[in-house]
Amino acid sequence: MAQEDVFKKIVSHCKEYGFVFPSSDIYDGLGAVYDYGQNGVELKNNIKQYWWKSMVLLHDNIVGIDAAVFMHPTVWKASGHVDAFNDPLIDNRDSKKRYRADVLIEDQIAKYEEKIEKEVAKGHKRFKEAFDEAQFRQTNGRVLEIQAKIDALHSRFAKAMEAMDLEELRQIIIDEEIACPISGTRNWTDVRQFNLMFKTEMGSTADGATSIYLRPETAQGIFVNYLNVQKTGRMKLPFGIAQIGKAFRNEIVARQFIFRMREFEQMEMQFFVKPGTEMDWFRKWKDTRMAWHQALGFGAENYRFHDHEKLAHYANAASDIEFRMPFGFKEVEGIHSRTDFDLKQHAQFSGKKIEYFDPEDNQSYTPYVIETSIGVDRMFLSIMCHSYEEEQLEGGDVRTVLHLPAALAPVKLAVLPLVKKDGLPEKAQEIVNELKFHFNCKYEEKDTIGKRYRRQDAIGTPYCITIDHDTLNDNTVTLRDRDTMEQRRVKIDELRAIIEDKVSITSLLKKI
């Protein structure tokens, strides 16, 4: 099945099973805005809990805050967002559709990469167990030819983005014969810059209103609170401030479901360090964050670092953690060395002294910052994409299953009475009432036991227990594993001990 078709099925699955709905669905939705359903919000909250605890619980020098969405408008002047938070846009004259020029070029690179993957797949099919993928990539003529195109295009693209050469970006699109996905034509306008911030007004009257912005990132809420946290917490360098919160960007090219949205959620941590030590900390946080991702068990081959060639003006190092999505490797987290730019800018624009007094060196200085920034929604999507499977069973049947990490699954345990009589529902409810204080349980009695198992597989429930007539006699139940479908009899008194450790966030934290 084509990866594009797989992705469409995942999007459909998210709606059908209560994970993600189009916002304002009864009004035909709102572009690039989505709501999380009853199962989606549980998965999303578990992702956030996993991240939060990995930061503030496992590190005694990281604390959290929750800054407001609305901030003084000068914050965004100081941060550079008012003047420089722009995307290069291009219009197709025939379809009247607007696109990000850089995204069109990135998609072209992805198409080349997809061609390489197809060549590799052919090699696998031809040589089977004798296939050496690494050697094939290094020696196959067709692969080398495509890779040369990728390298040349990537080099040209990076130079154009670094210089923000809008004419060159348009010329790349022309030279690569990139067509509009809607009209199929290459009738492009010039490339222009467009600011991404949402603007609104605050005030009781139109005349007295002040123009403010919905925050395009959560980082600035941390920087403007640096002094408050450092002084009240008596924090010593190095230390970090973590935050989870909503951000808003007026994305013109919002696409690929929840991968790129206008309203999204970030998990960010700014780690303040002594100048001169930032590169050591940068490398350490790269390793730490990669370990966090790989603890989910999705396989190291599905992750890679992408070190930035083009750096933001405030950074001296930057790297993305990319995950293999159905539409290629895509960024899920960024690690950046932001130097002392942000704190110095806010000191300049606010007139406040923002420094750290180092008692060991007996001097004051502006700390440098290492940032880790991860999109909750992109993380959610990466987990859904990797977990989704249409599994072929013996006899020709197919079951749709989400192999979610047990600690992140919306429902940990489904309690299913075999029939709706003979005291079995009452016994099942008794078990739910006992275990619901320890993890999320779901009681279900409608349909056959087989159909109920399939529904739980589809939402990623790691365990089901069936209450039958023997349960009333010996206090045992049938425990079913989602991934293996194996079933075994266990005592009711042992359920909590068997399940709780495997479905707790602690089980993930211990793997980091």
Side-chain angles (χ1 to χ4, degrees), residues 1-10 88 90 99-163 165 167-181 183-186 188 191 253 255-256 259 286 290 293-294 298-311 318-332 382 385-386 389:
M1 187 186 302
Q3 290 299 297
E4 182 180 346
D5 294 332
V6 171
F7 188 60
K8 288 179 179 177
K9 287 195 172 189
I10 292 170
I90 190 170
Y99 302 91
R100 277 179 52 179
D102 57 325
V103 170
L104 289 175
I105 298 170
E106 288 173 354
D107 285 348
Q108 182 72 358
I109 293 174
K111 288 178 182 178
Y112 285 137
E113 291 176 339
E114 188 175 336
K115 288 183 179 180
I116 289 179
E117 294 304 320
K118 286 182 179 179
E119 294 297 324
V120 172
K122 290 178 183 178
H124 270 291
K125 186 176 181 180
R126 179 181 177 184
F127 298 105
K128 298 180 181 176
E129 294 181 1
F131 183 65
D132 186 332
E133 182 174 333
Q135 183 181 15
F136 184 84
R137 288 178 181 272
Q138 294 170 5
T139 59
N140 181 266
R142 178 62 176 155
V143 170
L144 292 175
E145 178 186 341
I146 299 171
Q147 187 62 52
K149 289 183 179 180
I150 293 175
D151 294 341
L153 176 55
H154 188 273
S155 176
R156 187 179 175 189
F157 175 48
K159 289 178 182 177
M161 287 298 292
E162 185 172 359
D165 186 339
E167 290 185 10
E168 174 65 359
L169 287 175
R170 182 181 187 276
Q171 193 58 48
I172 292 173
I173 292 171
I174 299 299
D175 293 346
E176 288 290 327
E177 299 183 344
I178 298 174
C180 169
S183 68
T185 69
R186 298 189 286 272
W188 298 108
V191 180
V253 186
R255 57 181 192 148
Q256 291 169 330
F259 183 79
K286 280 181 64 176
M290 182 62 85
H293 286 276
Q294 294 189 6
F298 292 160
E301 69 278 5
N302 289 311
Y303 298 91
R304 71 183 186 189
F305 283 114
H306 174 247
D307 294 327
H308 288 211
E309 295 180 17
K310 180 203 171 190
L311 296 176
S319 185
D320 295 333
I321 294 177
E322 296 182 336
F323 182 79
R324 191 196 303 270
M325 302 277 198
F327 40 90
F329 273 97
K330 296 295 179 180
E331 175 196 352
V332 292
S382 69
C385 287
H386 185 83
E389 182 187 10

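Counting from 1, the numbers follow the sequence of the chain as shown.
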Please check this pair: side chain of Tyr99 against backbone of Leu104, looking for a donor-acceptor N/O pair closer than 3.5 Å.
no
ring-ring contact (aromatic ring centres under 6.0 Å, His included) partners of Tyr112, counting only residues at least two apart:
none
Can you tell me how the ring of His293 sits relative to the ring of Tyr303, calling it parallel under 30°, perpendicular over 60° and tilted otherwise?
tilted
As an exercise, state the distance from NE2 of His308 to CD of Glu331, rounded to the nearest 0.5 Å.
6.0 Å
Give the minimum heavy-atom separation between Ala179 and Trp188, together with the two atoms involved.
C-CZ2, 3.7 Å
Measuring from atom CD1 of Ile109 to atom CG of Asp151, what distance do you get when rounded to the nearest 0.5 angstrom?
9.5 Å
Any ion pair linking Glu167 and Arg170 (charged N to carboxylate O, less than 4.0 Å)?
no
Would you list the pairs meeting ring pair (Phe, Tyr, Trp, His ring centres under 6.0 Å) in which at least one residue belongs to residues 132-161, sequence neighbours left out?
Phe131-Phe136
Can you tell me how far apart CD (Glu106) and CG (Leu153) are? Round to the nearest 0.5 Å.
10.5 Å
Glu119 and Lys122: salt bridge (Lys or Arg N to Asp or Glu O under 4.0 Å), yes or no, with the steps?
CA-CA 5 Å; Glu119 294 297 324; Lys122 290 178 183 178; 3.7 Å; yes
When you compare the side chain of Gln147 with that of Ile150, does any pair of heavy atoms fall below 4.5 Å?
yes
Test salt bridge (Lys or Arg N to Asp or Glu O under 4.0 Å) applied to Asp175 - qualifying residues, sequence neighbours left out:
Arg156
Taking C-beta and beyond as the side chain, do Phe305 and Ile321 meet within less than 4.5 Å on heavy atoms?
yes
Under the ring-ring contact (aromatic ring centres under 6.0 Å, His included) test, residues paired with Phe298 that sit two or more places apart
His386
Side-chain heavy-atom pair Met325, Phe259 within 4.5 angstrom cut-off
yes
To the nearest 0.5 Å, what is the distance between CZ on Phe323 and NZ on Lys330?
14.0 Å
Looking only at heavy atoms, the pair that brings Ile178 and Arg186 closest together is O-CG, 3.3 Å
Considering all heavy atoms, the nearest Pro88-Leu169 contact:
CB-CD1, 4.0 Å
Give every residue pair that meets the salt bridge (charged side-chain N to carboxylate O under 4.0 Å, His left out) criterion with at least one member in residues 132-146, sequence neighbours excluded.
Glu117-Arg137, Glu133-Arg137, Arg142-Glu145
So, using salt bridge (Lys or Arg N to Asp or Glu O under 4.0 Å) as the criterion, who are the partners of Asp102 when residues are at least two apart?
Arg100
